[in-house]
There are 2 protein chains.
Amino acid sequence: MEETTTLRERKKEATRQALHEAALRLALEHGLDAVTRDAIADEANVSRRTFSNYFASKEDAILHGDRVRVQRLLEMLRARPAREAPWQALTAATLAHYRERGDLDPDWLARLRLLRRHPSILAEQMAANAKLEDELATEIAARDPGHPDEPMRSRVMASAFLTTLRVVAGIWAESNGSEPLDEAIRAGLARVAERFK
Amino acid sequence: MEETTTLRERKKEATRQALHEAALRLALEHGLDAVTRDAIADEANVSRRTFSNYFASKEDAILHGDRVRVQRLLEMLRARPAREAPWQALTAATLAHYRERGDLDPDWLARLRLLRRHPSILAEQMAANAKLEDELATEIAARDPGHPDEPMRSRVMASAFLTTLRVVAGIWAESNGSEPLDEAIRAGLARVAERFK
DNA sequence: CACGAGATTGCCCTGAGGGCAAAATTGCCC
DNA sequence: GGGCAATTTTGCCCTCAGGGCAATCTCGTG
């Protein structure tokens with residue numbers, strides 16, 4: 001399992017991960033507002049200043065995991081066959097992505113959902129979401145060049161896609177785990193798909 | 001033109017507006033980062049502390065106008081006949097709303113667009129947008145109760161609607177003013193409408 | 001093993017955010 | 001008009017965020 005990364009890089013990544021996890025843990029335990037950058041740095045055994053070298057803010061640190069996951073999803077999407085229709089590629093990549101990680105402790109998720117209602121987290125998250133939507137639109141547009149409705153179609157499709165995921169996740173979260181998330185996503189995406197034939 | 005508002009309320013509103021305009025003016029002139037709350041307060045002839053009584057941050061102050069406009073749009077939407085189909089109501093309310101304010105100095109708009117690329121503005125704006133999307137979805141759902149695809153349909157429609165507006169505005173902004181914004185919006189919404197018959 | 005690139009840390013300064021109580025302003029009654 | 005209660009404005013203070021800078025330490029390589 002040896003990677004071609006240097007010790008430096010591995011350490012850097014470990015520090016980043018440690019800070020991310022420390023931030024998440026402390027915020028979940030005490031609430032976001034009660035946690036300072038100093039506390040997070042302490043928890044991760046680095047200096048306050050080092051925290052700032054890695055992340056611009058608490059919110060940034062907490063959402064690090066999301067960024068990684070989004071990157072991963074984009075990779076999987078780009079890896080789909082180029083001739084695959086956009087919505088189909090989106091669906092396949094998403095299902096693969098969700099299958100890739102089964103770790104979903106319900107209790108942890110519940111507290112996480114609470115944390116995400118926090119205004120400052122919400123704001124950063126939405127901004128990240130807008131960026132993702134843009135990238136998805138680009139990827140979609142690349143998959144059927146010369147479509148008459150561009151650039152409208154790809155944008156609308158990207159936002160419809162993300163909205164569908166959000167709604168499905170929301171519904172799934174409420175009626176907790178009564179149905180596999182996989183299946184719910186597949187069904188939800190299929191239903192909306194008809195509008196983008 | 002006498003309103004039934006007390007002097008207190010009118011003064012309060014005037015102060016809020018003054019702070020908003022001061023914030024916008026200074027940010028457009030010097031860039032958001034170069035403007036402090038103290039400077040904004042000075043510009044509006046109140047104390048720094050009073051600024052904080054009205055707005056939680058510079059971003060908040062700058063986006064005050066948007067909040068007001070969004071509220072106005074929602075009012076107009078709710079005022080549409082209850083039996084009107086969702087997309088039609090959205091279109092009508094939007095067109096009425098844009099017609100209501102013709103003030104669009106291109107130079108001012110250009111700088112405003114620049115300002116909105118600022119990360120912290122962007123984040124707040126996106127969060128506000130998500131909230132608006134939610135309210136639109138509620139309004140949409142109310143307009144055809146018992147639709148088989150709820151709650152998916154209303155959410156997806158709301159996001160498609162806002163995305164369409166964004167794309168139209170973007171295109172219109174680039175090819176500056178070659179066509180009335182009204183007409184561009186109408187055309188864009190009509191094109192996407194077909195997916196939500 | 002020595003040295004250069006890169007990472008960590010401490011120090012410092014400006015600005016944000018918000019509690020609190022004193023001072024000013026407004027609304028209302030006599 | 002004058003007095004009084006409610007509301008708003010202001011100044012003071014304290015903690016935390018963000019980030020520049022230089023000293024120090026660690027890793028990778030010749």
Side-chain angles (χ1 to χ4, degrees), chain A residues 2-24 26-27 29-64 115 118-124 127, chain B residues 2-24 26-27 29-64 115 118-124 127:
Chain A
E2 292 304 305
E3 299 294 331
T4 65
T5 56
T6 144
L7 173 60
R8 251 189 168 85
E9 292 173 54
R10 268 175 284 137
K11 273 195 142 181
K12 209 166 155 64
E13 210 36 52
T15 302
R16 189 181 304 278
Q17 189 64 25
L19 281 168
H20 164 58
E21 284 169 17
L24 198 50
L26 290 178
E29 184 166 356
H30 305 119
L32 182 63
D33 297 322
V35 179
T36 64
R37 301 172 303 165
D38 299 68
I40 297 171
D42 268 8
E43 181 86 1
N45 292 312
V46 294
S47 76
R48 198 286 291 173
R49 200 59 189 69
T50 294
F51 173 87
S52 284
N53 288 338
Y54 282 89
F55 298 109
S57 62
K58 291 182 275 189
E59 294 78 15
D60 194 25
I62 285 172
L63 292 175
H64 171 63
L115 181 59
H118 196 286
S120 63
I121 295 272
L122 202 60
E124 296 243 356
Chain B
E2 291 304 306
E3 299 294 330
T4 65
T5 56
T6 142
L7 172 61
R8 252 190 169 82
E9 292 173 55
R10 267 174 286 138
K11 274 198 140 182
K12 211 165 154 63
E13 211 35 54
T15 301
R16 189 182 305 279
Q17 190 64 25
L19 281 167
H20 163 59
E21 284 169 16
L24 198 50
L26 289 178
E29 184 166 355
H30 304 120
L32 182 65
D33 297 322
V35 178
T36 65
R37 301 172 303 166
D38 299 66
I40 297 171
D42 268 8
E43 181 86 2
N45 292 312
V46 294
S47 75
R48 196 286 293 174
R49 200 58 189 71
T50 293
F51 173 87
S52 284
N53 288 340
Y54 282 89
F55 297 109
S57 60
K58 292 181 277 188
E59 293 78 16
D60 195 25
I62 286 172
L63 293 176
H64 171 63
L115 183 58
H118 196 287
S120 63
I121 294 272
L122 202 60
E124 295 242 356

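The model shown is predicted, which means the values in this text are computed figures rather than measured ones. Throughout, a chain's letter reflects where its sequence line sits, starting with A, and its residues are numbered from 1.
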Here the residues of residues 33-42 of chain A within 4.0 Å heavy-atom distance, strictly under, of DNA chain D are A:Val35, A:Thr36, A:Arg37
Please list, chain by chain and in numerical order, all residues satisfying side-chain hydrogen bond (donor to acceptor under 3.5 Å, both in side chains) with [X], sequence neighbours excluded.
| X | answer |
| --- | --- |
| B:Glu13 | none |
| B:Thr36 | none |
| B:Glu21 | B:Gln17 |

If pairing means Watson-Crick or G-U wobble with both distances under 3.5 Å, then the partner of C:dC30 is D:dG1
Tell me: [atom1] of [X] to [atom2] of [N], nearest whole Å?
| X | N | atom1 | atom2 | value |
| --- | --- | --- | --- | --- |
| B:Glu13 | C:dT26 | CD | C1' | 17 Å |
| A:Leu32 | D:dC16 | CG | P | 14 Å |
| A:Arg16 | C:dG6 | CZ | C1' | 14 Å |
| B:Ile62 | C:dA16 | CD1 | C1' | 14 Å |
| A:His30 | D:dC16 | NE2 | P | 15 Å |
| B:His118 | D:dG18 | NE2 | P | 13 Å |
| A:Lys58 | C:dA16 | NZ | P | 17 Å |

In short, B:His20 meets B:Phe55 closest at the heavy-atom pair N-CE1, 4.2 Å
Here the pair of heavy atoms bringing A:Arg37 nearest to A:Phe51 is CG-CE2, 3.7 Å
Side-chain donor-acceptor contacts of residues 39-47 of chain A below 3.5 Å, not counting sequence neighbours, with atom names and distances?
from: A:Glu43; atom 1: OE2; to: A:Arg25; atom 2: NH1; distance (Å): 2.5
from: A:Ser47; atom 1: OG; to: A:Arg49; atom 2: N; distance (Å): 3.4
from: A:Ser47; atom 1: OG; to: A:Thr50; atom 2: N; distance (Å): 3.1
from: A:Ser47; atom 1: OG; to: A:Thr50; atom 2: OG1; distance (Å): 3.2

For a 4.5 angstrom cut-off between non-hydrogen side-chain atoms, does [X] reach [Y]?
| X | Y | answer |
| --- | --- | --- |
| A:Glu59 | A:Leu32 | yes |
| B:His118 | B:Asp33 | yes |
| B:Glu124 | B:Ser57 | yes |

For nucleotides 5-10 of chain D, 5' to 3', base contacts (B), sugar-phosphate-only contacts (S) and non-contacts (-) with protein non-hydrogen atoms under 4.0 Å give -BBSBB
